[in-house]
Structures are given as C-alpha cells and as structure tokens.
Amino acid sequence: MPTSVETPVDFVRLSQQYSGRWVAIDPATGEVVASGGSAVEVYAEATKAGLEEPLVTYVVDSYGDYVTCLS
C-alpha cells in the first residue's frame with residue numbers, strides 16, 4: 001500500500017529548470033532524482049536509483065493560477 005508523505009515541492013522552481021519534461025521526485029526529500037521525455041523513462045530511472053514509490057509528474061511551462069494536484 002502506498003504511503004502518505006507531505007513534503008513541500010516548489011513547482012515554480014521546477015518549471016524554471018524542467019519545463020516541458022517529466023520528473024521523478026523523492027517524496028521524502030522533494031528532490032528531483034530523474035528527468036526525461038516520458039513518465040515511463042523517469043519512473044524506471046528513479047526505481048533503478050532505489051526509490052520504491054517515486055512521485056512522477058509533468059512540469060508545465062508556467063504554473064500561474066494552476067495548482068498541481070498529485071495523488
């Protein structure tokens with residue numbers, strides 16, 4: 001069963017560095033552990049790096065009024 005972790009992630013900062021890319025985030029630290037062109041690619045990299053449950057999301061160009069909802 002997936003665990004629940006509340007770690008703040010600065011999506012505005014992510015959009016400056018990873019705009020238009022998929023990222024895998026370590027839910028314990030909020031740090032990006034992999035980035036790439038597809039969710040499958042970054043998930044594979046993150047699990048290969050040892051994360052059992054990476055948070056994988058697409059980073060948009062600008063978050064403006066958009067609020068990311070991850071489940």
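Just so you know, residue 1 is the first one in the sequence shown, and it goes up from there.
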Worksheet item: Which distance, rounded to the nearest 0.5 Å, do you find between the CG of Asp10 and the CD of Gln16?
Response: 7.5 Å
Worksheet entry | Test side-chain hydrogen bond (donor to acceptor under 3.5 Å, both in side chains) applied to Ser19 - qualifying residues, sequence neighbours left out | Asp61
Discussion item. If you apply the rule side chain to side chain contact (heavy atoms under 4.5 Å, CB included), what do you find for Val9 with Ile25, and how did you get there?
Written reply: CA-CA 9 Å; Val9 176; Ile25 299 171; 3.9 Å; yes
Practice prompt. Write out all pairs satisfying ring pair (Phe, Tyr, Trp, His ring centres under 6.0 Å) with one or both partners inside residues 21-49, taking only residues at least two apart or from two chains.
Written response: Trp22-Tyr58
Worksheet item: Of all residues at least two apart in sequence or in a different chain, which pass the side chain to side chain contact (heavy atoms under 4.5 Å, CB included) check with Val33?
Response: Ala24, Asp26, Ala46, Leu51
Discussion item. I need the minimum non-hydrogen distance between Val42 and Ala34, along with the two atoms involved.
Written reply: O-CB, 3.8 Å
Worksheet item: Any side-chain heavy atom of Val23 within less than 4.5 Å of one from Val56?
Response: no
Worksheet entry | Those residues that, when tested against Ser38, pass side chain to side chain contact (heavy atoms under 4.5 Å, CB included) (two or more places apart) | Val40, Glu41
